[in-house]
Participant: 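Could you have a look at this structure, given as structure tokens, before my questions?
To find a chain, count down the sequence lines: A is the first, B the second, and so on, and within it residues start at 1.
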Amino acid sequence: MKLNRDVLVNAILRHQSVFLRILDSIDTGGGANEFPESEYLRLYNQEICRDDDENVHNHLAINTLLENGVFIHNNRSSGTITVERVIIDLLRFIDVKRRRELTSADFESMRSQLYSAVSRLDLTEFGDDDYSENMQTVNQIISEIHSKVRSNVDTLTAQVGTIAERYENLQEHQGDYNVAELYDAISRLYERFVLPCLEFISPKVTMVQTRTFSQTMDDLIHYHSKRYAQNKVAREIGYRRTAITSYYKDIRELAGRLERYALYLDRDRQQFLAVEKAYQALDETLQPLRHGKRRSRLLTPTMPFFAQFQTFAGLRTFRATYSARLNWSAKHTPMLAREYLRSIADKISDEPPVQRLKPVAAAPDPSLLRQQHIASVLDTALQSVDIFSDDITDIYAYVDSFLRTTLDDFSLVDTLYGYHSFLAFIDMSEVTVAYSGGRNRLEDDKYYFDYLIPSISAEVSNDEAHKEVGHV
Amino acid sequence: MFNQALSVELFKELTNGRVINKYKLQNNGEETENELFTEVMSNLDTYRLQYRMSGYELIEHEDYFYIRDADVGFDDLQSDITMKVSVLLILLGKYVNDKGYILSKLTSTAGGLSDADLDEIETLPNTIELMEKCDFKKGFKHAFKSSLVDRNIMLQKPTDGRYVLSAAGRAFFAALTC
């Protein structure tokens with residue numbers, strides 16, 4: 001249905017939040033004044049349809065907006081809707097933060113338009129029809145430049161305000177952005193938008209083979225004042241130029257604020273990048289340790305990565321490596337020794353001291369009664385046991401083990417005497433006693449006996465030199 | 001003339017592997033002069049001699065000092081503690097970056113890490129791995145306390161219990177940025 005445009009504008013303003021989001025969608029979509037139809041339908045259902053006034057539902061329906069020129073095209077194949085530019089400008093006019101900053105291309109477009117128009121004017125005679133037509137164009141371009149520069153200053157002021165807000169949040173440790181992102185945002189705003197605006201209206205900037213905005217305006221003033229002595233017109237043009245270039249001060253101030261933020265943030269950014277770099281290097285150091293085995297899986301101080309950190313080089317707990325120290329003067333007093341004994345008292349074992357064994361040669365000979373008893377025991381044993389069924393490799397050990405188990409009050413002296421008694425009971429013509437060269441040791445609780453091992457075998461050796469009986 | 005009581009306290013602090021900072025935190029969280037630092041600076045030659053005679057080297061910086069073995073070669077200076085402290089500080093720096101803070105979160109007395117921050121750091125996957133690789137058996141918070149707080153590399157604000165870097169801790173990040 002056809003509607004008056006003021007009705008539609010009222011409805012749009014009533015739901016400006018929806019259209020501002022559409023504007024955001026247009027800005028992220030490349031600035032072609034197009035947005036997805038599906039997004040509008042979603043917002044229409046979620047927000048516009050909740051309006052109590054049902055007329056608004058009809059006013060803001062896609063078909064109504066298309067019919068009345070708010071939406072100028074609905075592309076079914078791509079699923080996008082194109083919005084009338086006036087509506088876009090209106091929305092940007094409402095919300096200064098959503099105004100688009102002028103880029104270098106925008107400024108260059110404005111400059112070249114003005115330069116072309118003034119160049120064409122320069123070919124005309126003051127007062128004729130061509131002059132009037134061209135001067136009208138020049139006036140329109142100057143007005144448009146004035147409007148855009150003013151709008152751009154407002155936009156940039158709002159953008160710098162947003163930067164300031166983020167910076168304060170960062171300082172107060174409420175980071176929605178990290179320092180590197182904010183620094184990049186500042187750099188981008190400064191280089192892409194503030195600097196081109198500053199250069200556009202600065203009278204000091206010069207261009208090769210063409211004229212800047214200020215120079216073109218000077219040419220226009222010169223055309224009227226010098227060529228045709230139209231000082232009044234020239235003065236009016238001069239006022240309009242001043243009105244535009246007066247924004248230089250505002251832009252310069254914005255640039256100064258951004259430079260200060262960038263300067264403050266630069267140190268934080270350096271720290272940010274340094275930490276990121278260190279962490280990255282640490283992560284690379286960890287890579288070879290992620291092998292899943294038990295060994296060589298821990299970081300060690302000798303790894304090359306840690307060589308760069310010298311702030312705490314050599315820091316460690318020294319006390320852990322030392323035991324308690326006596327902190328007394330150097331005077332020689334018995335207290336020192338007593339304290340030492342006291343300090344080591346708990347380390348001294350309560351076990352009785354180890355008795356040192358004596359050689360068995362120092363032991364007294366057994367009594368005659370004892371000798372007879374040993375001989376009797378051995379005699380009885382040899383009668384009941386055939387000891388020559390196998391060779392005896394160690395006669396001392398054989399006698400010792402026999403007597404040790406038989407006698408109640410065994411002593412190593414008994415073994416010595418028993419050895420001689422043992423040999424006395426054997427017919428030496430039938431056996432051979434020989435020394436192999438090996439040594440052995442027998443002990444009781446008082447004595448020890450080191451000896452060369454004598455062995456006995458039933459075969460008679462031809463080497464009579466080795467045939468020997470006796471003890472060491 | 002040196003102060004006997006302070007020199008004894010200094011000896012205990014230094015031989016326990018702690019750093020002496022120029023400032024400590026007073027009750028309102030602001031920095032105030034550390035009498036131990038002032039004591040050494042006032043009798044610097046005496047203390048240099050004391051620790052040199054004991055086989056140590058007094059490592060003096062503008063805002064902090066500590067001791068280390070005098071007979072250790074440059075290649076052997078990297079101790080286990082040095083390694084662990086470095087890893088923990090880098091971990092804190094990374095947390096600050098990832099959360100969108102700036103480093104003054106760690107340095108400013110208006111900032112500081114809260115217990116909630118420490119809890120969050122402890123649960124991060126990279127923290128768990130680094131604790132294992134550094135052989136910290138009792139987890140991040142224990143490592144933070146034993147390696148940073150107990151050694152005066154991080155100071156706890158009496159008012160709100162948050163932790164900020166001491167002069168020595170700040171020196172680590174300053175060196176990192178250079």
Participant: Counting only heavy atoms closer than 4.5 Å, note whether B:Val85 contacts chain A via side chain, backbone, both or neither.
Facilitator: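 Interface part for B:Val85: side chain.
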Participant: Looking at B:Ile81, B:Val87, B:Asn16, B:Leu103, which has the largest count of heavy-atom pairs under 4.5 Å with chain A?
Facilitator: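 Greatest number of close heavy-atom pairs with chain A: B:Asn16.
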Participant: With a 4.5 angstrom heavy-atom cut-off, is it the side chain or the backbone of B:Glu132 that approaches chain A, or both, or neither?
Facilitator: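 Both backbone and side chain of B:Glu132 come within 4.5 Å of chain A.
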Participant: Taking the side chain as every heavy atom from C-beta outward, state whether B:Ile67 and A:Phe318 have any pair of such atoms under 4.5 Å apart.
Facilitator: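 They are in side-chain contact.
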Participant: Taking A:Phe272's backbone N and O only, do any of them form a donor-acceptor pair with B:Asn97's side chain (distance below 3.5 Å, no angle check)?
Facilitator: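 Yes, because the side chain of B:Asn97 sits within donor-acceptor range (under 3.5 Å) of the backbone of A:Phe272.
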Participant: Could you check B:Ile153, B:Leu77, B:Ile59 and say which one makes a side-chain contact (heavy atoms from CB on, under 4.5 Å) with A:Phe312?
Facilitator: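 Testing A:Phe312 for a side-chain contact (heavy atoms from CB on, under 4.5 Å) against B:Ile153, B:Leu77, B:Ile59 leaves exactly one candidate, B:Ile153.
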Participant: So how far is it from B:Ser104 OG to A:Gln271 CD, rounded to the nearest 0.5 Å?
Facilitator: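 Between B:Ser104 OG and A:Gln271 CD, I get 8.5 Å after rounding to 0.5 Å.
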Participant: When you measure from the side chain of A:Arg316 to the backbone N and O of B:Arg68, does any donor-acceptor pair fall under 3.5 Å?
Facilitator: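 A pair under 3.5 Å: no.
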Participant: Under 4.5 Å, heavy atom to heavy atom, which residues of residues 281-289 of chain A contact chain B?
Facilitator: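 So far as heavy atoms go, A:Leu282, A:Leu286, A:Leu289 are the residues that approach chain B to under 4.5 Å.
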Participant: Tell me, which pairs form a ring-ring contact (aromatic ring centres under 6.0 Å, His included) where one or both residues lie in residues 248-271 of chain A, sequence neighbours left out?
Facilitator: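 ring-ring contact (aromatic ring centres under 6.0 Å, His included) check on residues 248-271 of chain A returns A:Tyr167-A:Tyr261.
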Participant: Checking B:Lys94 side chain against A:Val275 main chain: does a donor-acceptor pair fall under 3.5 Å?
Facilitator: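 No; zero donor-acceptor contacts below 3.5 Å.
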Participant: Could you walk me through whether A:Thr317 and B:Arg151 pass the side chain to side chain donor-acceptor pair (under 3.5 Å) test, one step at a time?
Facilitator: CA-CA 10 Å; A:Thr317 304; B:Arg151 293 184 188 279; 3.0 Å; yes
Participant: Tell me if the CG atom of B:Asp71 is crowded by more than 12 foreign heavy atoms within 6.0 Å.
Facilitator: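 More than 12 within 6.0 Å, yes.
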Participant: To check you understand the geometry: which heavy-atom pair defines the closest contact between B:Ser79 and A:Gly314, and what is its length?
Facilitator: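 Smallest heavy-atom distance, with atoms named: OG-C, 4.4 Å.
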Participant: Whether the B:Asn126 and A:Tyr279 side chains hold a donor-acceptor pair (N or O, under 3.5 Å, no angle test) is what I'd like checked.
Facilitator: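 Yes - a donor-acceptor pair under 3.5 Å links their side chains.
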Participant: Just how far is it from atom CG of A:Leu315 to atom CG of B:Asp69, taken to the nearest 0.5 Å?
Facilitator: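 That separation rounds to 11.0 Å.
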Participant: Measuring heavy-atom distances to chain A, does B:Lys84 have an atom under 4.5 Å in its side chain, in its backbone, in both, or in neither?
Facilitator: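 Neither part.
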Participant: Taking the side chain as every heavy atom from C-beta outward, state whether B:Glu129 and A:Arg290 have any pair of such atoms under 4.5 Å apart.
Facilitator: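 Yes; the side chains approach each other to less than 4.5 Å.
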Participant: What part of A:Glu181 gets within 4.5 angstrom of chain B, counting heavy atoms only: side chain, backbone, both, or neither?
Facilitator: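 Looking at A:Glu181, nothing touches chain B.
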Participant: B:Ala174 versus chain A, heavy atoms under 4.5 Å apart: side chain, backbone, both or neither?
Facilitator: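 When you check distances to chain A, no heavy atom of B:Ala174 falls under 4.5 Å.
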Participant: Taking CZ in A:Arg42 as the centre, count heavy atoms belonging to other residues, nucleotides or ligands within less than 6.0 Å. Is the count above 12?
Facilitator: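 Enclosed.
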Participant: Chain A: which of B:Asp80, B:Val72, B:Leu176, B:Ile102 shares the most heavy-atom pairs with it under 4.5 Å?
Facilitator: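 Looking at each option in turn, the highest pair count goes to B:Ile102.
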Participant: Hey, which residues of residues 134-144 of chain B are touching chain A, say heavy atoms under 4.5 Å apart?
Facilitator: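 Residues in range: B:Cys134, B:Asp135.
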Participant: For each of A:Met303, A:Arg297, A:Gln270, A:Arg269, tally heavy-atom pairs with chain B at distances under 4.5 Å, and name the one with the top tally.
Facilitator: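 With the most close heavy-atom pairs to chain B, the winner is A:Arg297.
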Participant: Can you say whether B:Ser86 sits under 4.5 Å from chain A via the side chain, the backbone, both, or neither, judging by heavy atoms?
Facilitator: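 Only the side chain of B:Ser86 comes within 4.5 Å of chain A.
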Participant: I need the contact set between residues 155-162 of chain A and chain B: heavy-atom distance under 4.5 Å, sorted by residue number.
Facilitator: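 From residues 155-162 of chain A, none sit under 4.5 Å of chain B.
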Participant: Taking B:Gln78 for the side chain and A:Phe306 for the main chain, is one N or O donor matched with an acceptor at less than 3.5 Å?
Facilitator: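 Yes.
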Participant: Given a strict heavy-atom distance threshold of 4.5 Å, which part of B:Ala171 is in contact with chain A: side chain, backbone, both, or neither?
Facilitator: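 Both parts, backbone and side chain.
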Participant: Return the option, out of B:Leu130, B:Val96, B:Asp98, with the maximum number of heavy-atom pairs under 4.5 Å with chain A.
Facilitator: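 Looking at each of B:Leu130, B:Val96, B:Asp98 in turn, B:Leu130 comes out on top.
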Participant: Is the side chain of B:Tyr101 donor-acceptor paired with the backbone N or O of A:Glu172 at a distance under 3.5 Å, no angle test?
Facilitator: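 Checked: no pair found.
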Participant: For the atom pair CZ (A:Phe309) and CD1 (B:Ile90), what is the distance rounded to the nearest 0.5 Å?
Facilitator: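 Answer rounded to 0.5 Å: 3.5 Å.
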Participant: If I measure from the heavy atoms of chain A, does B:Phe172 come under 4.5 Å with its side chain, its backbone, both, or neither?
Facilitator: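 Contact with chain A: backbone and side chain both.
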Participant: Against chain B, label A:Ala180 side chain, backbone, both or neither, depending on which of its atoms sit under 4.5 Å from a heavy atom there.
Facilitator: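 A:Ala180 has no heavy atom closer than 4.5 Å to chain B.
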Participant: Determine whether more than 12 heavy atoms belonging to other residues, nucleotides or ligands lie under 6.0 Å from atom CZ of A:Arg252.
Facilitator: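 Buried by this count: over 12 neighbours within 6.0 Å.
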Participant: Has A:Glu253 got more than 12 heavy atoms of other residues, nucleotides or ligands less than 6.0 Å from its CD?
Facilitator: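 Open.
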